[in-house]
Number of protein chains: 2
Amino acid sequence: MASPVVFVVDDDISVRESLEALLRHEGWQTEIFESAQSFLACPRPLTPSCLILDVNLPDLNGLELQERIRSDGAQIPIVFLTGYGDVPMTVRAMKAGACEFLTKPFDNDVLLAAVRGAIERSREALADESRTRLLQDRFASLSGRERDVMKLVAKGLLNKQVGHELGISEITVKAHRGKVMQKMQARSFADLVNMAAKLGLAPPRRD
Amino acid sequence: MASPVVFVVDDDISVRESLEALLRHEGWQTEIFESAQSFLACPRPLTPSCLILDVNLPDLNGLELQERIRSDGAQIPIVFLTGYGDVPMTVRAMKAGACEFLTKPFDNDVLLAAVRGAIERSREALADESRTRLLQDRFASLSGRERDVMKLVAKGLLNKQVGHELGISEITVKAHRGKVMQKMQARSFADLVNMAAKLGLAPPRRD
DNA sequence: ACCCGGCCGACACCAAAGTATGATGGAGTC
DNA sequence: GACTCCATCATACTTTGGTGTCGGCCGGGT
C-alpha cells in the first residue's frame with residue numbers, strides 16, 4: 001500500500017516547514033498549502049490521508065474549510081492546529097467531526113500521535129467506503145424492476161406478495177430475484193438482506 | 001410521557017439556584033447536586049434526561065465523572081458548563097462524547113438550546129436502548145441449541161448445512177428454527193437476519 | 001416418583017424458493 | 001433490419017423451508 005499522505009494547510013511559513021520536516025521524517029508523504037483554496041484545488045488521494053489545519057487562514061478560515069470539505073462529501077480526518085484557539089471554536093470543530101484540536105506551540109509527540117490516529121481513522125473510513133461503493137455499484141447495475149423486487153424481498157415479503165404488490169406474476173418475481181442474487185453477488189438470502197440494510201433500503205421494523 | 005429530567009452538578013450555589021429556576025421555568029424536572037458523589041448516588045430516571053456538569057468540583061472533577069458514568073454503562077448526555085475551560089479540556093470532553101461545552105458566564109438561550117439538544121439525544125438513545133434490550137431479552141430466552149441455530153441460519157447457511165455443522169439432523173434444525181422464529185417474534189426470515197445483525201451475531205461478510 | 005423442558009429424531013404434507021427452457025413484445029442501439 | 005436488454009409469463013421439476021404429530025432420552029425440581 002502506498003504510504004499515507006498528510007496534508008498541511010497553514011499560513012505560517014515556519015510552521016509549514018517544521019511540520020513538513022517532522023512528517024517526512026516519520027515516513028509520510030506531505031502536501032503543503034498556505035491557503036484553503038489551494039488545498040481545495042488539490043485532488044484527494046486514494047490512500048489513507050489526513051489534514052493538519054490551521055484555523056486562521058488568509059481566505060476561508062479553518063472551520064469553514066472543514067464545513068466545505070464535509071459538504072463536498074469527502075471525509076478526510078482533520079487535526080486542527082491553531083495559535084488562537086478558544087473553547088467555542090474547539091466545540092464547533094469537534095462537533096463537526098474533527099479528530100483533534102491542538103494549540104501552538106505544539107508538542108511533536110502529541111501531534112504525531114494525533115496524526116497516527118487520524119490516518120488510522122482514514123484507513124477505516126476508506127475501507128468502509130470502498131465496501132459501500134461496491135454495493136452501490138452492484139445495486140446500480142440492477143434494472144428498475146430488479147431494484148423493486150430486491151427492496152420488497154429484503155423487507156421480508158414472499159414472492160407471491162411481491163408479485164401482487166407490483167402487479168406481476170410470482171414466476172416473474174422469481175426470475176428477477178434470481179437476477180438480483182447474481183448481480184449483487186449474494187451467496188445467500190441473508191447476505192442480500194444485509195446488503196439491503198447497508199444500502200439503506202428496507203426500514204428494519206416498525207412494531 | 002413524564003417530563004424530562006435535567007441533572008445539575010455544580011459547586012457554586014448561585015449557579016445552582018439560577019439554573020434551577022431557569023430550567024424549571026422551561027418545564028423540566030431538575031435534580032441539583034453540589035458534588036459528583038452525591039450525583040452518583042442518585043438513581044437514573046427512565047425518562048429522557050441530561051446532565052449539566054461543572055468541571056471543577058470538590059471531589060471528582062467533571063471529566064472524571066464523565067468517564068465514570070460511561071464506564072458504568074449509563075449513557076446520559078452531558079452539557080459541560082465551566083468557568084475555567086481551556087482547549088485540551090474541551091477536546092477531551094467532546095471526544096468522550098459530551099454534547100456541548102459551555103463557559104460561564106453563560107447565555108440563557110444558548111444553554112437552553114444545548115439542553116434541548118441533549119434531551120433529544122437522550123430520547124433517541126433511550127428508544128434505541130429499549131429496542132436493543134427487547135431483542136436481547138428475546139435472544140436470552142432461547143435455549144442453547146436455538147441460539148446456535150439462529151447464528152448459523154442468520155449467516156446464510158441452509159438447514160442441511162446447519163445440521164451438518166452442529167451434528168444433528170436437518171429436521172431437528174427446522175424444529176429449532178421454528179422455535180427461534182416464534183421466540184424472537186420474527187415475522188420473516190429477513191426480520192431475523194436484521195435482528196441477528198443488531199445483536200452483533202453473524203459477521204456481515206468477508207469476501 | 002413424577003412432570004416439565006430441552007434436545008433429538010422420524011414421517012408426512014404443503015408452501016415456497018430456485019432452476020431450466022422457451023416464448024413474446026417493446027425500447028434502444030449499431 | 002439485426003441485435004441486445006428488459007420485462008413478462010408459462011410449464012415442469014427439484015430443493016428447501018415450514019408445520020404438525022408422534023416418540024424417545026435426559027436432567028432438574030416438587
Side-chain angles (χ1 to χ4, degrees), chain A residues 134-197 199 201-202 204-205 207, chain B residues 135-199 201-202 204-205 207:
Chain A
L134 194 63
L135 284 190
Q136 285 171 340
D137 288 349
R138 288 177 188 166
F139 187 67
S141 80
L142 299 183
S143 71
R145 253 329 192 211
E146 287 161 357
R147 272 191 280 273
D148 294 341
V149 170
M150 176 166 169
K151 286 177 198 165
L152 295 178
V153 299
K155 211 192 287 183
L157 297 195
L158 302 179
N159 287 343
K160 193 182 300 186
Q161 298 173 307
V162 174
H164 183 262
E165 193 83 14
L166 299 177
I168 60 181
S169 78
E170 183 187 349
I171 193 72
T172 306
V173 174
K174 285 187 183 180
H176 290 315
R177 185 170 180 159
K179 268 290 192 186
V180 168
M181 293 295 286
Q182 278 181 232
K183 290 190 180 177
M184 296 300 291
Q185 296 177 39
R187 296 191 194 334
S188 64
F189 180 61
D191 240 24
L192 192 74
V193 172
N194 283 322
M195 289 179 182
L199 285 169
L201 318 175
R205 290 221 62 202
D207 268 9
Chain B
L135 283 191
Q136 285 171 338
D137 287 350
R138 287 178 189 166
F139 187 67
S141 81
L142 299 182
S143 72
R145 253 334 191 206
E146 286 160 357
R147 271 191 281 272
D148 294 340
V149 170
M150 175 166 170
K151 286 177 198 165
L152 295 178
V153 298
K155 210 191 291 183
L157 296 195
L158 303 178
N159 287 341
K160 192 182 298 185
Q161 297 172 307
V162 174
H164 184 262
E165 194 83 13
L166 299 177
I168 61 181
S169 77
E170 181 187 350
I171 191 75
T172 306
V173 174
K174 287 187 183 180
H176 289 314
R177 185 172 180 157
K179 267 291 193 186
V180 168
M181 293 295 287
Q182 277 180 232
K183 289 190 179 177
M184 295 302 290
Q185 296 178 38
R187 298 192 194 326
S188 64
F189 180 60
D191 239 26
L192 193 73
V193 173
N194 283 322
M195 289 179 183
K198 206 164 299 179
L199 284 170
L201 318 176
R205 293 225 56 205
D207 267 7

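Convention: sequence-line order gives letters A, B, ...; per-chain numbering from 1.
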Task: Atom-pair distance (CG on A:Leu157; P on C:dA17), nearest Å - done: 10 Å
TODO: Compare the minimum distances between each of C:dA10, C:dT19, D:dG18 and the side chain of B:Arg177, then state the nucleotide with the smallest one.
DONE: D:dG18
Open item on the list: Between B:Gly167 and B:Ser141, which residue's closest nucleotide on DNA chain C lies nearer the 5′ terminus?
Closed with: B:Ser141
Open item on the list: Distance check needed: D:dG18 P versus A:Leu158 CG, whole Å only.
Closed with: 10 Å
Open item on the list: Could you tell me how far apart A:Glu146 (CD) and D:dT8 (P) are, to the nearest whole angstrom?
Closed with: 10 Å
Open item on the list: For a quick check of understanding: with a heavy-atom distance under 4.0 Å over all strands, which category does B:Ser169 fall into, base, sugar-phosphate or nothing?
Closed with: sugar-phosphate
- [ ] Provide, to the nearest angstrom, the distance between the NE2 atom belonging to B:His164 and the P atom belonging to D:dT16.
- [x] 14 Å
TODO: Take B:Phe189 and A:His176, find for each the nucleotide of DNA chain D with the closest heavy atom, and name the residue whose nucleotide sits nearer the 5' end.
DONE: A:His176
Task: Nucleotide D:dT8, atom C1' - distance to NZ of A:Lys174 in whole Å - done: 15 Å
- [ ] Indicate the atoms forming the closest heavy-atom contact of A:Lys151 with A:Phe139, along with that distance.
- [x] CE-CZ, 4.4 Å
TODO: Heavy atoms only: give me the nearest B:Lys155-A:Ala190 pair and the separation to one decimal.
DONE: C-CB, 4.2 Å
- [ ] Find the distance B:Arg187:CZ to C:dA16:P and express it as a whole number of Å.
- [x] 18 Å
- [ ] Please check the phosphate of D:dG17 (OP1 and OP2 only) for any side-chain N or O of B:Asn159 closer than 4.0 Å.
- [x] yes
Task: Phosphate-side-chain proximity, A:Lys160 and C:dA15, N/O vs OP1/OP2 below 4.0 Å - done: no
Open item on the list: With side-chain hydrogen bond (donor to acceptor under 3.5 Å, both in side chains) as the test, pick out the partner of A:Glu146 among A:Lys183, A:His176, A:Lys179.
Closed with: A:Lys183
TODO: For B:Ile168, answer base if it contacts any base atom (sugar-phosphate contacts may also be present), sugar-phosphate if it contacts only those atoms, and nothing otherwise; contact means non-hydrogen atoms under 4.0 Å.
DONE: sugar-phosphate
Open item on the list: Can you give me the closest heavy-atom contact between A:Val153 and A:Phe189, atom names plus distance?
Closed with: O-CZ, 3.3 Å
Open item on the list: Please give me the minimum heavy-atom distance between B:Leu142 and B:Val180, naming the atom from each residue.
Closed with: CD2-CA, 4.2 Å
TODO: Could you check how far CG of B:Leu192 sits from P of D:dG17, rounded to whole Å?
DONE: 13 Å
TODO: To the nearest Å, give me how far apart CD1 (B:Ile171) and P (C:dC8) are.
DONE: 14 Å
